[in-house]
Amino acid sequence: MAGTRENGLDLVLAQPRGFCAGVVRAVDIVERVLARRDGPVYVRHEIVHNGRVVADLKAKGARFVDSLDAVPDGATTIFSAHGVSRAVEAEAARRGLPVIDATCPLVAKVHAQGRRYAAQGRTVILVGHAGHAEVEGTLGQIGGEVHLVGSVAEAESLDLSADTPLAYITQTTLSVDDTRAIIAALSRRFRDLVGPETRDICYATQNRQAAVRALAEVADLILVVGARNSSNCNRLREIAAEAGRPSHLVEGAEDLAGIDLGAARTLGLTAGASTPEVVIAEVIAALQRRTPLRISTLPGIIESASFPLPSSLGHT
């Protein structure tokens, strides 16, 4: 790790950081199913976007697949926290697969809102990133006409009449500021537009984004611990950069070697909602091996939310 100093660094931790209630629930579901089933347990898609979480669950016996085609008949199947399309649900039902749904309740809420708007005869705008697992599931949950919009430019280029009855919903892990800008662009163009403003962006995403903005006020450089394929982790790094702070997304301690900390007096650290505490601790330990750290935590929201497990697994 280039450029660290012998007199050490101030390391300031964001609050909150790391696992959210939806991720805790999803991981808990897989672990409980593994503990109760004798045969293999299949998980469609990564349960959450974090390699360490997936590797740990693989070591306990979970088998991760991209398609139900890879699931043998009769095998217990878990849907990931990102949700799935109605077509995937129907295929599992057709094959009689025993399914346990780990879709985050906040994602399921977006699905319900989208279906309700479509039932009202409105064309639905999904604000989100193409190719993301949550977006693919949400698109496949809504009947009727749905348009995916990922930027202000895409909102402004939508080929729809200004009088079209529209409704928008949002991917839960977006940047609040980017989403507001897209909604504002839609509002300027279309006369009959309804939607939940930014309330579909989950509380955990909003809390972590607010915390990284606070971190940028005190830190010279910011590390975001999390997976590169995690939308919420990428948004945190982007928000730190937009606040004028050099920022890096690190998947683990092994990514620290190429980061120059020499000019930093105060280092900020946060982690996405799918990043386990053990990885955060390993990154801090690796920093401590290179330079003395004076560690503090910013004041912030202490999250207490929890989501019940599926009834088949109990509610504790």
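A single hydrophobic cluster is not seen to contain both L313 and V99; linkage of ILVMFWY side chains at heavy-atom distances under 4.5 Å, directly or through other members, places them apart. Both V278 and V225 are members of a single hydrophobic cluster when ILVMFWY side chains are connected at heavy-atom separations under 4.5 Å. Placement of V250 and L215 in two distinct hydrophobic clusters is found when ILVMFWY residues are connected by side-chain heavy-atom separations under 4.5 Å, directly or transitively. Hydrophobic clustering (ILVMFWY, side-chain heavy atoms < 4.5 Å, transitive): F64 and V88 are in distinct clusters. L68 and V65 fall within the same hydrophobic cluster, defined by Ile, Leu, Val, Met, Phe, Trp and Tyr side-chain heavy atoms under 4.5 Å apart, directly or through other members.
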Just do the side chain to side chain contact (heavy atoms under 4.5 Å, CB included) check on S231 and Q171 with the steps written out, would you?
-> CA-CA 10 Å; S231 176; Q171 179 183 339; 3.4 Å; yes

Full working for side chain to side chain contact (heavy atoms under 4.5 Å, CB included) between L174 and V127 = CA-CA 9 Å; L174 299 178; V127 180; 3.7 Å; yes

Go through R95 and D73 one step at a time and tell me if the salt bridge (Lys or Arg N to Asp or Glu O under 4.0 Å) criterion holds.
-> CA-CA 7 Å; R95 292 184 54 195; D73 290 342; 2.7 Å; yes

Pair V218-L298, side chain to side chain contact (heavy atoms under 4.5 Å, CB included): steps then yes or no = CA-CA 9 Å; V218 299; L298 279 184; 4.3 Å; yes

Test side chain to side chain contact (heavy atoms under 4.5 Å, CB included) on K58 and V54 and set out the steps.
-> CA-CA 6 Å; K58 279 183 179 179; V54 170; 3.9 Å; yes

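Ion pairing between E303 and R17 fails under the 4.0 Å rule for side-chain N and carboxylate O. Under a 4.0 Å N-O distance rule, the pair R86/E91 does not qualify as a salt bridge. Salt bridge status for R245 with D220: absent, with no side-chain N to carboxylate O gap under 4.0 Å.
Under the rule for a side chain to side chain contact (heavy atoms under 4.5 Å, CB included), the partners of E277 that lie at least two apart in sequence or sit in another chain are I280. In this view, D159 satisfies the side chain to side chain contact (heavy atoms under 4.5 Å, CB included) rule with no residue, not counting sequence neighbours.
Nearest heavy-atom pair, A62 versus V30, reported as atom, atom and distance to 0.1 Å: CB-CG1, 4.2 Å. Nearest heavy-atom pair, F190 versus L160, reported as atom, atom and distance to 0.1 Å: CE2-O, 3.6 Å. Scanning both residues, A155 and R189, for their nearest heavy atoms gives O-NH1, 3.1 Å. When every heavy atom of G226 is checked against every heavy atom of L249, the shortest pair comes out as O-CD1, 3.6 Å.
Here the straight-line distance linking atom OG of S187 with atom CZ of R180 works out to 13.0 Å at 0.5 Å rounding. Rounded to the nearest 0.5 angstrom, S247 OG and I239 CD1 are separated by 10.0 Å. One finds the CG atom of L97 at 4.5 Å from the OG1 atom of T77 (value rounded to the nearest 0.5 Å). A distance of 10.0 Å separates CG in L261 from CG in L11, rounded to the nearest 0.5 Å. Atom NE2 of H132 and atom OG1 of T138 lie 10.0 Å apart (nearest 0.5 Å). Rounding to the nearest 0.5 angstrom, the gap separating the CG atom in L158 from the OG1 atom in T123 is 10.0 Å.
A side-chain contact (heavy atoms from CB on, under 4.5 Å) with V84 is found for one member of E136, H111, R44 and no other, namely R44. Evaluated for a salt bridge (charged side-chain N to carboxylate O under 4.0 Å, His left out) with E31, the options R25, R37, K60, R36 yield exactly one hit, K60.
In this model, a donor atom of one side chain and an acceptor atom of the other lie less than 3.5 Å apart for E134 and T172. Neither side chain, R235 nor Q209, offers a donor N or O lying under 3.5 Å from an acceptor on the other. Checking Y117 against R122 by side-chain atom types alone, no donor-acceptor pair falls below 3.5 Å. Counted by atom type alone, E46 and N229 present one or more donor-acceptor pairs between their side chains at under 3.5 Å. Side-chain N/O atoms of D177 and S175 include no donor and acceptor closer than 3.5 Å.
Between L126 and L139 the shortest side-chain heavy-atom distance falls below 4.5 Å. A heavy-atom distance below 4.5 Å is not found between the side chains of I302 and P16. Contact check for L256 versus L287: side-chain heavy atoms found under the 4.5 Å cut-off.
By the neighbour-count criterion of 12 heavy atoms within 6.0 Å, atom CG of D66 is sparsely surrounded, having that number or fewer from other residues, nucleotides or ligands.
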